[in-house]
There are 4 protein chains.
Amino acid sequence: MARIVDKDAKKRGIIEAAAVVFARDGFANAKMADVAEEAGIGKGTVYEYFPSKEDLFLELCRHLVRWPQDKSRFLGDPREGLKTVIVAVLESYEKASSFFTILIDYWSVVVRDKNAKRDLFLAQGEGFYDYPRRLVAEVVRTGQARKVFSRAFTAEKIAQIIIAAIEGLRIQRMLDPRHVDMDADIKLLTHFVMAGLKPGNAARRTPAR
Amino acid sequence: MARIVDKDAKKRGIIEAAAVVFARDGFANAKMADVAEEAGIGKGTVYEYFPSKEDLFLELCRHLVRWPQDKSRFLGDPREGLKTVIVAVLESYEKASSFFTILIDYWSVVVRDKNAKRDLFLAQGEGFYDYPRRLVAEVVRTGQARKVFSRAFTAEKIAQIIIAAIEGLRIQRMLDPRHVDMDADIKLLTHFVMAGLKPGNAARRTPAR
Amino acid sequence: MARIVDKDAKKRGIIEAAAVVFARDGFANAKMADVAEEAGIGKGTVYEYFPSKEDLFLELCRHLVRWPQDKSRFLGDPREGLKTVIVAVLESYEKASSFFTILIDYWSVVVRDKNAKRDLFLAQGEGFYDYPRRLVAEVVRTGQARKVFSRAFTAEKIAQIIIAAIEGLRIQRMLDPRHVDMDADIKLLTHFVMAGLKPGNAARRTPAR
Amino acid sequence: MARIVDKDAKKRGIIEAAAVVFARDGFANAKMADVAEEAGIGKGTVYEYFPSKEDLFLELCRHLVRWPQDKSRFLGDPREGLKTVIVAVLESYEKASSFFTILIDYWSVVVRDKNAKRDLFLAQGEGFYDYPRRLVAEVVRTGQARKVFSRAFTAEKIAQIIIAAIEGLRIQRMLDPRHVDMDADIKLLTHFVMAGLKPGNAARRTPAR
DNA sequence: GATGAATGAGGGTTCATTCAT
DNA sequence: AATGAATGAACCCTCATTCAT
């Protein structure tokens, strides 16, 4: 009776359209009508697939980043692997061009308590950093296992610092592009990390206070 | 004469009220009426002091962070100074309790081009990181001058990484508090930096292609 | 498909409602909500058809007067034709019951420079007098061609005086109904015009310095 | 005890300021604050002299036009006197440069019933045309008494047409300046009137129906 | 399933007026 | 008498959502 439609494909189309519009206008200023137009469908149709603007946004956030799936290339030589994975993570972020601007709105929504969907959102939010954190941690762990990296700190913590620095640099670049030369800065970050991970170096530090 | 009023005090009162409301509800959802109520004044009165919601927000952002004014305590022993200044910068951020949630909206506003006030906003935005970046850079420079820190990288770049990492950690904590133990993470960050700044270590590394 | 609607009919309905409300309250005091209610629709719906209050007003002005379409009845005997067309023009104005009160606001809006739509408005404004001026002029010209009316003045100028007098009488009546007996006054006006147009009479007078 | 002030002078100052502001912005868009500023006094002070914006406006309207006070120059030769008085009336209107734009708003206010002050306004409104109408009528009457002008119509009616035509021309000029050459048009009007007033001419017309 | 016409709650902003000084 | 800070009612317009077709 009803037309046969690939609902999933249509859903994806709407999400792609939403990515464009939300990135451009921000969550608050984005209009559902614009999303519909961008997707080439009717305004009402969007609501056949997503119950609300917020839900669409949440769904969109789920599809923001595609992480590198092949870990093997990071797990050879630990020192090279670490350098490579840092660059790879940055690239994954950069490739999701609209990722960042959308992420900001995501944060903005998440930070406010009131919303009943907070937990849903938060669960989603972890995902933004969980995967790359685990990925980097694995590389570090490999290096630690092979005694190439110091064991003074847990791989998770180290990974966390790395991801944090990458994210922080991206923010600074957003607010003031002239101050940030991403390639050089990433190299410097890598240098710090490598230095801090040298077996000898690390041992002396952090007397746990 | 009309009512005698300390306009500056009143302005500050409104800004404080705005900080509460904007932090709680976000820029887009905050209502000027709520700001007025929070400030204990009439809706129209807010507009006697700020021409628009956006201007109030911008002004508010200007007052978000109070940076440490006494640099002397960071300029003694470079290694201790660096540790201290990192903690001090973090503390300045942390003290501005609503800083972060407001900053997010600030970003969100800044990222979208259209607005005519973009430049005003951007100029303001630099301020968020400029001061601490310069502060940290000065400490690093002092250490470099005394040959305690490697000169392989410019103090500015190093400071940038440090600020970025602090910021990134704060974001991760926001999205997933369980993964972040700020004190420990900051120590780890400090360790990496110190290691990377050891004169011998740095020498070998890529001198900024 | 969505609701099927005769958009033009709906537009007309809104304009009619607007005519009532604008005439009653004046442009400045009229509320879009009242227009909507008068039209029996929701507030937002008005904006589906007209982008702003001002645009609705302009559009309304376009529909204010219906001019006599059949000129033939004025083009027979010139003297009778002139008498008839003067009455017809007056009647067209009078029939548009709310015309005058709306026109006043129209003037008020037009006179103030600032507005970007001034040109649109002005173009519209000409229309209020253009058509009847041309109509009367044609009748006069016919009379002049047949040597029934003096050629000492251009038909356009003569028509202009006639329209002006009609309009002026309507204004005086508005401000002080007791002083104006429109039928008698129009007859007097006609008399003056006829006298002035007598071939012999006109010859002596200043031929437009 | 209180400062000694010439209240009338101050009142006049406010009215003059109001004339500027109301003429420029229109009644609806004029701001009391602007009037105060233009008058060089405080916002609240205006209310010491006028109970409301509307009252100020009404008072202003009372002072709009200064009519020619010396009638004698119109009462010599009737034909010359009539020509002269028509020009004099026009000039009185023209001299009150802001008169017209304010008058429009005056109409707009007057036309709407609701207002309790309607009668006050109307009484004022008559004044705009009463004086010149009587003035012109007197000139016509003089001519009629001397048998220079036809007695077929009352002087009042004739005066009314003349005033009406002048007013109508001014309106047309406002909406479309290119179509109106005021001097020439006034001459033409005068011609019509003179022709219509010729003793012989008038007799035949207006069979009272 | 798809559509887009209709809706109305909601919020930023204006400004005449009040009144403490 | 004079002031201008404070006020809040009022209103235009937006846009997420609904639902008749």
Side-chain angles (χ1 to χ4, degrees), chain A residues 1-5 7 10 28-37 40-56, chain B residues 1-7 10 28-37 39-56, chain C residues 1-7 10 28-37 39-56, chain D residues 1-5 7 10 28-37 40-56:
Chain A
M1 204 183 303
R3 244 166 296 176
I4 290 162
V5 176
K7 293 204 74 165
K10 202 144 192 175
N29 292 111
K31 291 175 244 175
M32 289 298 264
D34 286 349
V35 173
E37 198 188 13
I41 60 176
K43 227 185 322 168
T45 312
V46 178
Y47 284 86
E48 295 290 324
Y49 291 85
F50 301 93
S52 77
K53 188 184 179 186
E54 207 176 39
D55 285 283
L56 169 56
Chain B
M1 295 299 157
R3 243 158 289 193
I4 288 158
V5 172
D6 182 344
K7 294 203 104 183
K10 199 137 196 176
N29 290 111
K31 288 178 260 180
M32 288 300 264
D34 285 348
V35 172
E37 199 185 12
I41 59 179
K43 219 185 335 165
T45 311
V46 179
Y47 285 87
E48 293 285 320
Y49 292 84
F50 301 94
S52 75
K53 189 184 180 186
E54 206 176 40
D55 284 279
L56 170 57
Chain C
M1 294 300 158
R3 245 158 287 194
I4 287 158
V5 172
D6 182 344
K7 291 204 106 184
K10 200 138 196 176
N29 290 111
K31 288 177 262 180
M32 289 300 264
D34 286 348
V35 173
E37 198 184 13
I41 59 177
K43 221 186 331 164
T45 311
V46 179
Y47 286 88
E48 293 285 320
Y49 292 84
F50 301 94
S52 75
K53 189 185 179 185
E54 206 175 42
D55 284 280
L56 170 57
Chain D
M1 204 185 299
R3 243 164 297 176
I4 290 162
V5 176
K7 294 204 73 164
K10 201 144 195 176
N29 291 111
K31 288 176 247 175
M32 289 298 265
D34 286 349
V35 173
E37 198 188 13
I41 60 177
K43 227 185 323 169
T45 313
V46 178
Y47 285 86
E48 297 290 324
Y49 292 84
F50 301 94
S52 76
K53 187 184 180 185
E54 205 175 40
D55 285 283
L56 169 57

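Just so we're on the same page: letters track the sequence lines, and every chain starts at 1.
- Using Watson-Crick or G-U wobble geometry with both donor-acceptor distances under 3.5 Å, E:dA16 finds its partner in F:dT7.
- Protein atom OH of C:Tyr47 is 16 Å distant from nucleotide atom P of E:dA9, rounded to whole Å.
- For the pair B:Thr45 and F:dA5, the criterion of a side-chain N or O lying under 4.0 Å from OP1 or OP2 is not met.
- Between the side chain of C:Lys43 and the base of E:dG10, at least one donor-acceptor pair of N or O atoms lies under 3.5 Å.
- Taking atom CD on A:Glu54 and atom P on F:dC15, their separation rounds to 17 Å, with Å as the unit.
- Atom CZ in C:Phe50 sits about 13 Å away from atom P in F:dC13, given to the nearest Å.
- One finds a side-chain N or O of A:Lys10 lying less than 4.0 angstrom from the OP1 or OP2 phosphate oxygen of E:dA2.
- In terms of position along DNA chain E, the nucleotide closest to C:Gly44 lies nearer the 5' end than the nucleotide closest to the other residue of the pair C:Gly44 and B:Pro51.
- Judged by the 6.0 Å and 45° rule, A:Lys10 forms no cation-pi pair with A:Tyr49.
- Counting to the nearest Å, the C1' atom of F:dA5 and the CG atom of B:Asp6 are 13 Å from each other.
- When the nucleotides E:dT3, E:dA6, F:dA16 are ranked by their closest atom to the side chain of A:Lys53, F:dA16 comes out on top.
- The interatomic distance linking D:Ile41 (CD1) with F:dG4 (P) rounds to 10 Å, in whole Å.
- Listed for the B:Lys53 side chain is a donor-acceptor partner under 3.5 Å among the backbone atoms of B:Ala30.
- Nearest heavy-atom pair, C:Ala36 versus C:Lys43, reported as atom, atom and distance to 0.1 Å: CB-CA, 3.7 Å.
- Distances from the side chain of C:Glu48 to the nucleotides F:dC13, E:dT17, E:dT7 place E:dT7 closest.
- In the set E:dT13, E:dA16, E:dA2, E:dA2 carries the atom at the smallest distance from any side-chain atom of A:Tyr49.
- The stretch residues 29-37 of chain B does not touch DNA chain F, since none of its heavy atoms comes less than 4.0 Å from the strand.
- Figure legend. E:dG11 is base-paired to F:dC12; pairs are counted as Watson-Crick or G-U wobble with both atom distances under 3.5 Å.
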